[in-house]
Each structure stands twice: as C-alpha cells, then as structure tokens.
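Written out below as structure tokens is the structure these notes cover.
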Amino acid sequence: MSGRVVIIGASAAGLTAAEALRRRGYDGKLTLIGDEPRPPYDRPPLSKQILAGTWEPEKVLLRDEQALGGMDADLLLGQAAAGLDVAGRRVRLAGGRTIGYDAVVIATGVTPRRLPGTDLAGVHVLRTLDDALSLRAQLLLRPRVVVVGAGFLGAEVAAVAREMGLEVTMADPMPVPMHRQFGERIGALIAEMHRDHGVGVRCGVGVARFLADAGRVTGVELADESVLDADLVVVAVGAVPATGWLAGSGLPLGNGIECDARCQAGPGIYAAGDVASWPNPHFGVRMRLEHRMNATEQGIAVAGNLLGDDKPFAPVPYFWTDQYDTKIQAYGTFPPGAEVQLLSGDPGERRFAVAYGDHGMVTGVLGWNASPREVRALRRLVADRTPWTALPSAAAAAEAAAAN
Ligand SMILES: Cc1cc2nc3c(=O)[nH]c(=O)nc-3n(C[C@H](O)[C@H](O)[C@H](O)COP(=O)(O)OP(=O)(O)OC[C@H]3O[C@@H](n4cnc5c(N)ncnc54)[C@H](O)[C@@H]3O)c2cc1C
C-alpha cells in the first residue's frame, strides 16, 4: 500500500494504528488529525490518578515529542474533521481544507451523553484531561457531590471523591452499580463496597431533574421525588459515538460506525476504538467496546488489514476498573441473565474470581482483587469457548497453570 493514509482521532486507537502502520513497513504519507489541541494522552488515569491528584497531568501523555516526530506523520492537532467524501476519497476539515486519501482510519471515539441541565454551573462530565483537571479543582473546594450514573466511570469518580473525604451520593436507575457491565451479583458487591466507604448509593431510582439557583446546580431530584442536595454534580450516564461529522457521508452509522468483521466500513475506510462496531466472530455478535485495551488491539488489527492481512478481528475483550483498593479485571462478555459461578477465593473476603456462562458456554471471567496472572490464565476459558459443563475441570487446569 502506498499513497496517503489519513487517521482521524489522535488518541489511543488512532495513534496505535499510525504506529502499527510504520512498524509494519508502510512508508507512504501519513496524516493524523485530532480535534483536541493536546498531543495524544491516555484516558483511564483521568478518573483515577489525575482526579485524585497523585499524577502530574504530563504523565498521561502517550508519547513524548521525539516519539511523535519519529512517526514521520503530519500531525494536525486542534483540527476537527467535518465531513467525509466517500466517493472522492477526501476528508474535509472544519476550516474548509480537504485532504485526499487512499485509505482512512476513523478513530473519533465517543462523547459523553448529556442530560437536560448538564449546562448548569456545577455540573460536570468527564472525558478529556481538561474535564478531569477542572473537576479536580472543584472537588478541592469540598462540595457535596452527587454522581449521576453508577457505571464504571461514575463509580470511579465516587470512589475518588469519597477518598478525598467528601460527602458523596451515587444515583442510578438500575438496581445496582455497574449492572449493565456485570449484572446483579457483582453489582451488589460494588454497592456494598461503596456503602462501606460511606457513599450514599441510591440505585433503582432515576433522576427526574436538576435543581438550580441562579444558574448553579443545588441538587438532584429523583423520580421518587426525594432530593439530593448538591454543590457539584457529575453526570456519568454513558457516551455516544462521535459520528455526527459523518452525517450524509453514506457510511453505515448505527451504534457507532458499522464495520464488517475486518473493521472495514466502506472503500478504503476502516474504524477502530470506541467509535467502531463490528461483528466479533469469536462471540458471533456485533460489538462496540469502550475499553482501553480494545483501542490498541483494534488499531493494530486495522493497520494490518489496511496492509492486506485480510483477517477478521476476533478479540476476547478486556476491561478493568479501579475503585478504592479494589481492582476488577474482566475478560469476555457478561450478558444480562448469564449464570455466575465462583472459581476461586471468597467474595466475603473481597478477593475472588468468577466465570459467566450463557447459552452453555463460558463467555466471561472476572477477577476481584485476583492476581493479574490468575485472571490472565482464566482468560483461556473464554478464548477456548469452554462448555459450561466443563467449567470445573477447565478452571482447575487454568488455575494450576497460573500457579506454576
Ligand atoms: C475517564 C475515563 C476513564 C476510563 N477508564 C477506563 C478503564 O479503567 N478501563 C478501560 O478499559 N477503559 C477505560 N476508559 C475507556 C478508554 O479510555 C477508551 O476505551 C479509549 O480512550 C478509546 O480510545 P479511542 O482512541 O477509541 O477514543 P478516544 O480516546 O475517545 O479518542 C478519540 C479522539 O478523537 C477526537 N475526535 C472526535 N471527533 C473528531 C473529529 N471530528 N475530528 C478530529 N478528531 C476528533 C476526540 O476528541 C479524541 O481525542 C476510560 C475512559 C475515560 C473517559
């Protein structure tokens, strides 16, 4: 492949795709376009070390200046792509300039979903480094905090705010935190962990509206008409794929850019990271993952396919979250209604591993403060498509392998 590859979105997936292309010997022209003015940085620390103030902001940068220069790419930062001409193979930037391509990689990620009232003073979302820095500055003023949304992001923010000694309540319409990710049983343990740390957990009741005085938030009214007083509200109710700029392009847009199994969405057009959906042949279902590891793996896979690998992308997804002194690591998928089986440890002691099973197969494994080595070994149960009935012997073999 020669000519020009244009990558849109200069973050985890886009940067990885660019580097993978060069590593694989692509020596044509390369353009990396990102609408954030900062050089590429990592997002997981934003709701952990950056919010807690234990890392300097520079530590989240994914590459130093020398490494970025070494990529031999035109790095257009602070510039948004505003349109894609699929037939003419051109990207249009917000300023009007157009750039021709032979292949394009779309890695524009997601943007936070908003609720009516998100524009009030005192209401925050968290996606960018600037979001994290401004949220931390406000947390230092010791506000009463309400976190709306108890997914991984809301739960991580609640944990950090609570560890700063603040009064924190987390509200979510689902029955337990992280219900969508891990279901009822693990969610109940997450609720218990937050309550043990002194967070008010108001699950099973949605938010009706934000209360405000002179344009500043003063509280959150829940659907049962109870009111949570607040000086600061964090809205963490999920995110939507950043595809607005592709309206009218003719690309298949649904829940993200709908690619084929090779992560291709059109002629010379590929997508990677949070914005991409594709049918994962390993599980036989279409997925769109908002997982850091997937951004890297899919960026590499797209670079390979663009250079002719012609390989379906069939990863076992990996996700982790850190809350207080707990690390949850998870491989695979965790469908609603899946069976859950304890593999090792003791949930009462807050150190264990479980398997999830659906349609007679192991679909996921989850470690709660389990060693990374053990969880990595258990990943095999998902990768090997272990039948649910073979779980005890397969898990014992994986545990034995991890111990040696
Ligand atoms: C606070 C936080 C904590 C997280 N913690 C974890 C965690 O613990 N574990 C985990 O597995 N995952 C975590 N994630 C998810 C993980 O960070 C994402 O999966 C990963 O960043 C996805 O990378 P990406 O490159 O696909 O998208 P992004 O990182 O969103 O990057 C997309 C880039 O494209 C830019 N862009 C958008 N539109 C345009 C346009 N039109 N033109 C040009 N540029 C554009 C965006 O501004 C952005 O810079 C976390 C995410 C956040 C926000």
Side-chain angles (χ1 to χ4, degrees), residues 6-18 31-52 60 62 75-84 91-95 99 104-113 124-133 135-136 149 151-157 159-160 178 181 234 236 238-247 249 256-257 263 270-277 287-300 302 315 317-323 326-331:
V6 173
I7 300 176
I8 304 165
S11 184
L15 177 68
T16 306
T31 304
L32 186 55
I33 301 168
D35 63 358
E36 295 187 72
R38 295 179 186 275
Y41 62 87
D42 209 13
R43 286 178 215 277
L46 302 184
S47 50
K48 305 174 183 72
Q49 295 88 345
I50 294 295
L51 205 55
V60 298
L62 286 168
L75 195 50
L76 307 182
L77 296 178
Q79 304 207 40
L84 191 71
V91 178
R92 180 169 49 80
L93 301 185
I99 302 171
V104 67
V105 179
I106 302 174
T108 47
V110 292
T111 52
R113 185 173 287 130
H124 293 249
V125 294
L126 175 50
R127 183 75 196 171
T128 67
L129 178 54
D130 289 330
D131 292 340
L133 295 174
L135 179 54
R136 171 157 175 82
F152 85 87
L153 186 57
E156 288 187 353
V157 170
V160 170
M178 298 192 71
Q181 284 97 349
V234 180
V240 289
T243 54
W245 65 281
L246 290 166
S249 65
I257 300 171
C263 308
Y270 296 80
D274 288 11
V275 77
S277 100
M287 298 186 165
R288 187 180 67 76
L289 299 174
E290 295 181 14
H291 297 173
R292 178 62 181 83
M293 171 84 97
N294 185 65
T296 299
E297 292 182 345
Q298 205 166 14
I300 292 171
V302 156
Y318 170 73
F319 170 79
W320 86 98
T321 175
D322 298 326
Q323 296 168 34
T326 292
K327 182 179 278 297
I328 299 174
Q329 300 175 82
Y331 283 102

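Remember, it's 1-based here, ligands and their atoms both numbered in the order they're listed.
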Practice item. Before signing off on this row, confirm whether Ala12 and ligand 1 have an N or O atom pair separated by under 3.5 Å. Key: yes
Exercise for review: Could you tell me the residue and atom name of the protein heavy atom closest to atom 7 (C) of ligand 1, and the distance to it rounded to 0.1 Å?
Suggested key: Trp320 O, 3.3 Å
Check your understanding: Which residue, Val60, Asp42, Val160, forms the side chain to side chain contact (heavy atoms under 4.5 Å, CB included) with Ile50?
Key -> Val60
Revision key, fill the gap. among protein heavy atoms, the one nearest atom 12 (N) of ligand 1 is Arg292 N, 3.3 Å
Check your understanding: Considering only heavy atoms of Leu153, which atoms of ligand 1 have at least one such atom less than 4.0 Å away?
Key -> 1 (C), 2 (C)
Check your understanding: Got an N/O contact under 3.5 Å between Glu36 and ligand 1?
Key -> yes
Review point. Numbering the atoms of ligand 1 from 1, which are under 4.0 Å from a heavy atom of Glu156?
Key: 8 (O)
Exercise for review: Kindly indicate whether the side chain of Pro37, heavy atoms from C-beta on, has any atom under 4.5 Å from the side chain of Leu77.
Suggested key: no
Point to revise | Per-atom contacts, ligand 1 versus Ser47 - under 4.0 Å to a heavy atom | key: 1 (C), 2 (C), 3 (C)
Point to revise | Separation between CD1 of Ile33 and CD1 of Ile99, rounded to the nearest 0.5 Å | key: 4.0 Å
Review point. So, the side chain of Arg136 versus the backbone of Ala52: is there a donor-acceptor pair under 3.5 Å, distance only?
Key: yes
Revision key, fill the gap. protein heavy-atom neighbour closest to atom 27 (O) of ligand 1 works out as Gly109 CA, 3.4 Å
Review point. Just going by heavy-atom distances, which of Gly9, Ala94, Ala107, Ala295 is nearest to atom 32 (C) of ligand 1?
Key: Ala107
Review point. How far does OG1 of Thr108 sit from CG of Leu246, to the nearest 0.5 angstrom?
Key: 6.5 Å
Review point. If you measure only the distance, is there a donor-acceptor pair under 3.5 Å linking the side chains of Glu297 and Tyr318?
Key: no
Review point. Which residue and non-hydrogen atom of the protein lie closest to atom 22 (C) of ligand 1, and at what distance in Å?
Key: Asp274 OD1, 3.1 Å
Study note, to complete from the structure: Numbered in order shown, the ligand 1 atoms found under 4.0 Å of a heavy atom of Ile8 are 42 (N), 43 (C)
Check your understanding: Do Asp130 and Glu36 have side chains that get closer than 4.5 Å, going by heavy atoms?
Key -> no
Review point. Just distances here: any N/O of His291 and N/O of ligand 1 closer than 3.5 Å?
Key: yes
Check your understanding: Which ligand 1 atoms does Lys48 reach within 4.0 Å, using its non-hydrogen atoms?
Key -> 5 (N), 6 (C), 7 (C), 8 (O)
Check your understanding: In Å and rounded to the nearest 0.5 Å, what is the CD1 to CD distance from Ile328 to Gln181?
Key -> 9.5 Å
Point to revise | Element-labelled atoms of ligand 1 that are located less than 4.0 Å from some non-hydrogen atom of Ser11 | key: 25 (O), 28 (P), 29 (O), 31 (O), 32 (C), 33 (C)
**Study point:** Distance filter under 4.0 Å to Phe319 heavy atoms, resulting ligand 1 atoms
**Key:** 9 (N), 10 (C), 11 (O)
Check your understanding: With Val110, which of Thr243, Asp274, Val240 fulfils side chain to side chain contact (heavy atoms under 4.5 Å, CB included)?
Key -> Asp274
**Study point:** Minimum-distance protein heavy atom relative to atom 42 (N) of ligand 1
**Key:** Ala81 N, 2.9 Å
Practice item. For the pair Gln298 (side chain) and Gly273 (backbone), establish whether a donor and an acceptor sit closer than 3.5 Å, ignoring hydrogens and angles. Key: yes
**Study point:** Protein heavy atom at shortest distance from atom 51 (C) of ligand 1
**Key:** Arg43 CB, 3.9 Å
Check your understanding: Could you walk me through whether Glu156 and Lys48 pass the side chain to side chain contact (heavy atoms under 4.5 Å, CB included) check?
Key -> CA-CA 7 Å; Glu156 288 187 353; Lys48 305 174 183 72; 3.0 Å; yes
Review point. Which atoms of ligand 1 are found less than 4.0 Å from any heavy atom of Gly273?
Key: 26 (O)
Exercise for review: Please state whether Gln298 comes within less than 4.0 angstrom of ligand 1, counting heavy atoms only.
Suggested key: no
Point to revise | Worked check of side chain to side chain contact (heavy atoms under 4.5 Å, CB included) between Leu84 and Ile106 | key: CA-CA 10 Å; Leu84 191 71; Ile106 302 174; 4.2 Å; yes
**Study point:** Residue pair Asn294, Phe319: steps toward the side chain to side chain contact (heavy atoms under 4.5 Å, CB included) verdict
**Key:** CA-CA 9 Å; Asn294 185 65; Phe319 170 79; over 6 Å; no
Review point. Taking the non-hydrogen atoms of Met293, is any one of them nearer than 4.0 angstrom to ligand 1?
Key: no
Review point. Looking at atom 13 (C) of ligand 1, what's its closest protein heavy atom, distance included?
Key: Pro44 CG, 3.8 Å
Practice item. Could you find the nearest protein heavy atom to atom 44 (N) of ligand 1 and give me its residue, atom name and distance? Key: Asp35 N, 3.1 Å
Exercise for review: Could you tell me whether some N/O pair between Gln79 and ligand 1 is separated by less than 3.5 angstrom?
Suggested key: no
Review point. Would you say ligand 1 has an N or O under 3.5 Å from any N or O of Ala13?
Key: yes
Review point. At what distance, to the nearest 0.5 angstrom, does CZ of Arg43 lie from CG of Leu126?
Key: 9.5 Å
